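What you are looking at is a predicted structure, and each value in this text was computed from that prediction instead of being measured. A, B, ... follow the sequence lines: proteins, then strands. Residue 1 opens every chain.
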2 protein chains.
Amino acid sequence: MPHAAARPVQEIRAFNRFYTNLIGALDYSRRLYVPYTLTEARVLYELNHARHLDAADLRAELTLDAGYLSRLLGKLEKDGIVERAPSTRDPRRQRITLTARGRETAALLDERSSEAVGSLLSDVPAAQRPRLAEAMRTVREILSGAEDGAARSRPFLREPGPGDLGWIVERNAALYAAEYGFNIDYEGLVARIVADFAEDHDPHLERTWIAELDGRRVGCVMCVRDDAPGTARLRLLLVEPDARGHGIGDQLVSACIDFARGVGYREMVLWTNDILGAARAIYQRHGFVLVDEKPHRSFGVDLVGQDWQLHLAGEDTP
Amino acid sequence: MPHAAARPVQEIRAFNRFYTNLIGALDYSRRLYVPYTLTEARVLYELNHARHLDAADLRAELTLDAGYLSRLLGKLEKDGIVERAPSTRDPRRQRITLTARGRETAALLDERSSEAVGSLLSDVPAAQRPRLAEAMRTVREILSGAEDGAARSRPFLREPGPGDLGWIVERNAALYAAEYGFNIDYEGLVARIVADFAEDHDPHLERTWIAELDGRRVGCVMCVRDDAPGTARLRLLLVEPDARGHGIGDQLVSACIDFARGVGYREMVLWTNDILGAARAIYQRHGFVLVDEKPHRSFGVDLVGQDWQLHLAGEDTP
DNA sequence: AATTACCCTTGACTGAGTCAACGGTACGCC
DNA sequence: GGCGTACCGTTGACTCAGTCAAGGGTAATT
């Protein structure tokens, strides 16, 4: 197995060991579930959060043995925690409902579990807690995406907030350094562009967008005034590699074009380099045409710069 | 319980449910440990990675019942997997050693476990894997810090790589916006500073440092030439709030001063604002003195700017 | 009408983990 | 040197958790 590929595997295994230990410590130290067991508590949790599931659903959800679950539900029924009734849709299936008492019990277990986690959390410095929650959400998102069919939320655009311009600099520099070997000159160029934008831009004619997906910044684009009159310039289009394929680049370019057309620009231009193939495809889809091309050496590499142009107002408007 | 405090608790509980399910799915689907059990596998793992532990250590490490472990070791011994001998230091204790066959077995289980994780990972887009590993490491670090006495690694300084200058912009802007309400002008200022640095700096006389802790950027500082001859200017000192209290600020300022003195500057100056109390304390500790102070309005707030100065060469040098 | 597949139940079983009692040794303290 | 306490490992008896296979019943398919 190649070393590079083994790295995440080792990390995951270390994490699994760590977390089984942690959960063990969390559960055993106090009697979290008395008089019920962990599995019963999980069943109660599911029932309490989903209103009368079928037994088959529970089995699938918690990957339990059918016989085990059957007996388990029998016990809960005898305790007056759940009620079992044949499903109306399919008499083979069994609809499980929590009784009032069952809901109380579930709430109690819930409470205890929250307390246990709370006391664990009390040892975590408050400043670290948001990072912890964020990291856990990331793990969950990535792995649950791997399990089922990736039911992710939709990306959306917003205007930049504090730090977002810096983020644009960081990601541009880091990505192009990693992918094409750009040196620090490129980071300087991007920093200068965002500095100019931050210090002096006309919000009616110039704008920046950040694309966000699942609470994470995954792309950006900037629209500024060009020297030529009536002309807007699109700059700094970027989509994070792991977020590509969601149409985020198109969304960003569309926002840019719509904005420019809306505020009266007649032309839109942009400068890019021939090695950026993914970006070129996006520009072409939106009607940009290549108007000039010339080789240059910048950012420590030999490149071929390209000027693209798009007519915003003209014969094709009604 | 206040809502804000409950948020991370809910996140952690959701994560726990998710991860117990995941581990369950991982273990049951294939026969990972045959002919041993999960607990036995954990014991084997510990032994294989630590060379002859005492039984008591195993118990503590894996939080196992003494009786359970005793019987478990008995079984492993009978299978020729481990050997038990009284510890040389304390005859009450028992030193457990893997036999050659035990090491084989451990390696086999290791292999299988890696395979299982690998196949789980194969459903994760390659682009997401580093993020996953990173997030897991974060979770582990924060929570293990919470369990024992925070045995964190030492912070260290390094020169910036691609994206680090952008990171400086981002963190400066985000932190000062959150803590003091600075507006986008400040982000512009910082962006211009790093742009100037990136585009044109003399590496012998000007330098930037990034502080790293546990693989994460937690601070920065920049040393550049000032207009006045023989004078260096310290800029953009920053330490992440959750990493404060480790002496990182001092480390950064020391690096800056040592560098400036080493390359022959005679003075070091810096400009800051009176509201930045933590930074002031650091400057004072390193011998800076306040030489000027005047109110101004910048970044959308009313501030009192301060000029500080430090003699690098003079009567106090031998 | 027959086949197949799924749903639940039941009995019999193995494995995982707990609890309490016990003998042995180390260590601190008179 | 002797005593109490505390920890180490062992053992027996037990409960709880989970598995497997057989079986009766209904739904969907043909």
Side-chain angles (χ1 to χ4, degrees), chain A residues 20-21 23-45 47 52-79 82-97 109, chain B residues 20-21 23-44 47 52-79 82-97:
Chain A
T20 48
N21 267 340
I23 290 181
L26 207 59
D27 289 356
Y28 297 157
S29 58
R30 40 218 112 208
R31 297 277 174 286
L32 269 188
Y33 313 112
V34 280
Y36 297 99
T37 70
L38 169 61
T39 312
E40 287 164 341
R42 291 170 73 203
V43 168
L44 281 182
Y45 180 90
L47 285 172
H52 50 64
L53 288 163
D54 289 353
D57 299 332
L58 279 173
R59 255 179 29 213
E61 188 70 26
L62 304 175
T63 49
L64 296 175
D65 177 78
Y68 185 29
L69 179 62
S70 172
R71 244 182 298 261
L72 195 153
L73 289 173
K75 181 184 161 202
L76 291 180
E77 186 178 34
K78 212 177 53 160
D79 288 5
V82 304
E83 277 167 0
R84 302 204 264 188
S87 165
T88 52
R89 287 205 254 158
D90 181 343
R92 289 176 309 176
R93 305 186 126 235
Q94 210 172 45
R95 182 177 214 157
I96 314 294
T97 326
L109 296 185
Chain B
T20 48
N21 267 339
I23 289 181
L26 207 59
D27 289 357
Y28 295 158
S29 58
R30 36 218 115 210
R31 298 276 174 288
L32 269 186
Y33 313 113
V34 279
Y36 298 99
T37 72
L38 168 61
T39 312
E40 286 164 339
R42 290 170 73 203
V43 168
L44 281 181
L47 287 171
H52 52 63
L53 288 164
D54 288 354
D57 299 331
L58 278 172
R59 255 177 31 212
E61 187 69 27
L62 304 176
T63 51
L64 295 175
D65 176 80
Y68 184 30
L69 179 61
S70 172
R71 244 181 297 259
L72 195 153
L73 289 173
K75 181 185 161 200
L76 291 180
E77 187 178 34
K78 211 177 54 164
D79 288 5
V82 304
E83 278 166 1
R84 301 203 266 189
S87 165
T88 51
R89 288 205 254 158
D90 180 344
R92 289 176 310 177
R93 303 186 128 236
Q94 209 173 48
R95 181 177 213 157
I96 314 294
T97 326

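- Nucleotide D:dT15 holds its P atom 19 Å from the OH atom of A:Y36, rounded to whole Å.
- Note on A:A55: only backbone sugar-phosphate atoms sit closer than 4.0 angstrom, heavy atoms only; bases stay farther off.
- End-to-end axis angle of the helix from C:dA1-D:dT30 to C:dC30-D:dG1, from C1' rotation axes over five pairs per end: 30° (rounded to 10 degrees).
- In this structure, B:R89 does not pair ionically with B:D54, as no charged nitrogen and carboxylate oxygen lie closer than 4.0 Å.
- Look at CG on B:L53: it is 16 Å from C1' on D:dC8, rounded to the nearest Å.
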* Asked: Checking side chain to side chain contact (heavy atoms under 4.5 Å, CB included) for the pair B:L53/B:I96: CA distance, chi angles, key distance, verdict?
  -> CA-CA 6 Å; B:L53 288 164; B:I96 314 294; 5.6 Å; no

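- The OG atom of A:S70 sits 14.0 Å away from the NZ atom of A:K75 when rounded to the nearest 0.5 Å.
- When distances run from any side-chain atom of A:R59 to the nucleotides C:dT18, C:dC7, D:dT19, the shortest one goes to C:dC7.
- Among C:dC7, D:dG9, C:dT9, the nucleotide with an atom closest to any side-chain atom of A:A56 is C:dC7.
- Rounded to whole angstrom, the span from the CZ atom of B:R89 across to the P atom of D:dC8 amounts to 13 Å.
- In summary, A:R95 and A:E83 do not engage in a salt bridge, as defined by a charged side-chain N under 4.0 Å from a carboxylate O.
- For the atom pair CG (B:L73) and CG (B:L47), the distance works out to 7.5 Å, reported to the nearest 0.5 Å.
- Here C:dA16 is the nucleotide among C:dA16, C:dT9, D:dT10 with the atom lying nearest to any side-chain atom of B:T37.
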* Produce a footprint string for nucleotides 20-25 of chain C: one letter per nucleotide, 5' end first; B if the base is under 4.0 Å from any protein heavy atom, S if only the sugar-phosphate is, - if neither. => ----BB

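- Taking side-chain N and O atoms only, B:T39 has a distance below 4.0 Å to OP1 or OP2 of C:dG17.
- Side-chain to base pairing of A:R71 with D:dG18: no donor and acceptor N or O lie closer than 3.5 Å to each other.
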* To do: Take A:L62 and A:V43 through the side chain to side chain contact (heavy atoms under 4.5 Å, CB included) test and state the conclusion after the steps.
  => CA-CA 8 Å; A:L62 304 175; A:V43 168; 3.9 Å; yes

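- Within the nucleic acid shown, B:R84 comes within 4.0 Å of sugar-phosphate atoms alone, with no base atom in reach, counting heavy atoms only.
- Under 4.0 Å is where a charged nitrogen must lie from a carboxylate oxygen, and between A:R42 and A:E61 no such pair does.
- Atoms CG (A:L38) and P (C:dT18) sit 12 Å apart, rounded to a whole Å.
- Atoms CG (A:L69) and C1' (D:dG18) sit 12 Å apart, rounded to a whole Å.
- Residue A:L76 holds its CG atom at 6.0 Å from OH of A:Y36, rounded to the nearest 0.5 Å.
- One atom, NZ of B:K75, and another, P of C:dT14, lie 14 Å apart when rounded to the nearest Å.
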* **Audit row: B:T39, B:L72, side chain to side chain contact (heavy atoms under 4.5 Å, CB included) steps and yes/no** => CA-CA 9 Å; B:T39 312; B:L72 195 153; 3.9 Å; yes

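- Annotation for B:A56 and B:R93: closest pair CB-NH2, 3.5 Å, computed over non-hydrogen atoms.
- Straight-line distance from the CZ atom of B:R93 to the P atom of D:dC8: 6 Å, rounded to whole Å.
- In this structure, B:D57 atom CG and D:dC7 atom P are separated by 15 Å, rounded to whole Å.
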